[in-house]
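Notes for the one structure printed next.
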Protein chains: 2
Amino acid sequence: MEEGAAREGLSSEGIAAQLRVRILEGAYSLGQRLIEMDLAEEFGVGRGRVREAFRMLTGEGYLEFVANRGVLVRCYTRAELIEMGRVREVLEGLAAKLAAEAELSGEMRQELEALQERMNVAEAAGDYPSFGAENRAYHALIERLAGNKFASAYIDRVRIPLIRVQMPPADVAESIGRSNRDHRVITAAILNGAPEAAEAAMRAHVRAGNEHVARLPEAVFSAS
Amino acid sequence: MEEGAAREGLSSEGIAAQLRVRILEGAYSLGQRLIEMDLAEEFGVGRGRVREAFRMLTGEGYLEFVANRGVLVRCYTRAELIEMGRVREVLEGLAAKLAAEAELSGEMRQELEALQERMNVAEAAGDYPSFGAENRAYHALIERLAGNKFASAYIDRVRIPLIRVQMPPADVAESIGRSNRDHRVITAAILNGAPEAAEAAMRAHVRAGNEHVARLPEAVFSAS
DNA sequence: CAGATCAGGATTGTTGACAATCCACCCGAG
DNA sequence: CTCGGGTGGATTGTCAACAATCCTGATCTG
């Protein structure tokens, strides 16, 4: 008897995990209201469990609680996005620094090199979706190499408003090029064990991304 | 009819706020288990409200959830303390940087100067409790000057394990001296509008504190 | 005496029902 | 036609009761 479904249905944590994935995948539109009873029926549990999941996701920044109104998918304003961007800058910078400080195993070094190579391929092919996926994996890998769970947790949170941001197709190629040029610098600094350089490069990289996002049209931020 | 107590008793948020204060003030010992029903009776509400407050405080890092066992006052290990210290370093550094970037009103500049002066007085008097209080106010003021609510929120969270740490009386005087020397550098950088200098000084300041804390005996971390 | 086994009590996990609240719609007056 | 007020339905806020779970300590056994 390992663990898990002590009773039937998912636990509050399980429901929270499901909803987190849904929000990340865009199953709900920004600002959409979530009805306790609907989800309770869908998951086959009582409203209480759904409510607790809501409270967790509110604390993480995925949902917004409105008194007597319930929860909605949290929608960040441009100003908040910029504030979060500043935080992301230093936190991802820290992750890169810690990764460069860590004594990486050969396996981890290979993984980093392989990921960099896959990004290079995607860049050469001009394959934006693929590059985007590898880019996310790259940042996630650096978080893992850094080995600081608090940094990881907060980075995830300040990244939430970015999950739906789409690059305007016009400047995709240039954007990929600049982004991957940064990546190569960061990768080299981490592999060479240069914490300061890694941090500086990552900060500049994130900052460039933030400045790009901050200039996007208003429609990106408001509902659906 | 402004708002507030729609029914009798505190809301979940109100209970969470109360408990947060209690934990910060040390009303509960580290690792202490909190009983839902006891608090429900004390606040004159049902268990559900207390439960929701627990979930919020768990997300913030004040409590720890154990399945079928309830919550305990979260107790961080030395390793976690060090991890959080690294995060605090960059976040407080960011706050100092943002404060130096901001266009401060005359009133705010005066407030900062007054606080620095009060710390100087406490230092000269060798008044450790007073210096500790002013020190907390100082860091809080810088957060306010920075005007980034996400940075503030995360700084508060990574500070949680520090709330009970007591400086060994032996090196109090030296500790105050070094700490306040750092403060003067930071204050000057903020008032002069030197973001890079402010960030670097704050980082060094926090790092020095972290290294000091990391060397404290094990008793500080485990349960009271 | 040490260790395993097994009640009993205490506490959490969960639900369904009820009251309070809010919103959208409708209606009537100007 | 527009605006203010009221009304009904939908949804959240809350609780009290019940089931599941875990820990404590007493009992039994080798």
Side-chain angles (χ1 to χ4, degrees), chain A residues 1-19 22-23 28-60 62-75 223-224, chain B residues 1-19 22-23 27-60 62-75 223:
Chain A
M1 205 85 36
E2 321 194 16
E3 61 158 23
R7 296 140 190 273
E8 54 193 339
L10 289 76
S11 65
S12 300
E13 287 83 1
I15 292 172
Q18 288 269 343
L19 292 178
R22 289 190 189 181
I23 294 170
Y28 302 118
S29 55
L30 295 178
Q32 178 175 344
R33 187 172 167 196
L34 299 186
I35 307 300
E36 290 178 1
M37 209 169 22
D38 292 356
L39 291 166
E41 274 182 30
E42 183 184 336
F43 290 116
V45 301
R47 269 174 56 221
R49 273 198 256 194
V50 175
R51 245 179 114 76
E52 296 210 348
F54 282 176
R55 273 272 144 81
M56 292 187 240
L57 294 173
T58 301
E60 292 174 29
Y62 290 97
L63 298 179
E64 183 182 352
F65 232 103
V66 181
N68 294 319
R69 214 57 233 304
V71 296
L72 10 158
V73 178
R74 174 134 186 204
C75 183
S224 166
Chain B
M1 203 85 34
E2 321 195 17
E3 60 158 25
R7 294 140 192 273
E8 53 193 339
L10 289 76
S11 64
S12 300
E13 287 84 1
I15 293 172
Q18 287 268 343
L19 293 177
R22 289 189 190 181
I23 293 170
Y28 302 118
S29 55
L30 295 177
Q32 178 175 344
R33 186 171 168 197
L34 299 185
I35 306 300
E36 289 178 0
M37 208 168 25
D38 293 356
L39 291 167
E41 273 182 31
E42 183 185 336
F43 290 116
V45 300
R47 270 173 55 219
R49 272 196 256 193
V50 175
R51 243 178 117 74
E52 297 211 346
F54 282 176
R55 272 273 145 80
M56 292 188 242
L57 294 173
T58 300
E60 292 173 29
Y62 290 95
L63 298 179
E64 183 182 351
F65 232 103
V66 182
N68 293 320
R69 212 59 233 302
V71 296
L72 10 158
V73 178
R74 174 137 186 201
C75 183

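Order of the sequence lines fixes the chain letters, A, B, ..., with proteins taken first and strands second; residue numbering starts at 1 for each chain.
- Atom pair Arg49(B):CZ and dT12(D):P shows a separation of 17 Å (rounding to whole Å applied).
- Under 4.0 angstrom from either OP1 or OP2 of dG13(D) there lies at least one side-chain N or O belonging to Arg51(A).
- Judged by distance alone, with hydrogens and angles left aside, the side-chain atoms of Arg33(A) form a donor-acceptor pair with the main-chain N or O of Arg69(A) at under 3.5 Å.
- We find that CD of Glu13(B) is positioned 11 Å from C1' of dG13(D), with the value rounded to whole Å.
- The two residues Leu30(A) and Cys75(A) make their nearest non-hydrogen contact at CB-SG, 4.1 Å.
- Near DNA chain C, meaning a heavy atom under 4.0 Å from it, residues 34-46 of chain B has Leu34(B), Ile35(B), Glu36(B) in order of number.
- Every side-chain contact (heavy atoms from CB on, under 4.5 Å) that Leu10(A) has, sequence neighbours left out, goes to Ile15(A), Gln18(A), Phe43(A).
- Not counting sequence neighbours, the partners of Ser12(A) by the side-chain contact (heavy atoms from CB on, under 4.5 Å) test are Arg49(A), Glu52(A), Met56(A), Arg55(B).
- Counting heavy atoms from C-beta outward, Leu39(B) and Leu19(B) have side chains that approach closer than 4.5 Å.
- Direction of the helix axis in the helix from dC1(C)-dG30(D) to dG30(C)-dC1(D) shifts by 10° between the two five-pair termini, rounded to 10°.
- Note that OG of Ser29(B) and CD1 of Ile23(B) are 11.0 Å apart. Values are rounded to the nearest 0.5 Å.
- The nearest whole Å value for the distance from the CD atom in Glu52(B) to the C1' atom in dT14(C) is 14 Å.
- Leu72(B) is linked by a side-chain contact (heavy atoms from CB on, under 4.5 Å) to Glu64(B), Val66(B), counting only residues two or more places apart in sequence or in another chain.
- If you check every strand for non-hydrogen atoms under 4.0 Å, Gly70(A) touches sugar and phosphate atoms only.
- Residue Arg47(B) places none of its side-chain N or O atoms closer than 4.0 Å to OP1 or OP2 of dT12(C).
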What pairs of nitrogen or oxygen atoms, one from the protein and one from nucleotides 22-24 of chain D, lie under 3.5 Å apart?
none

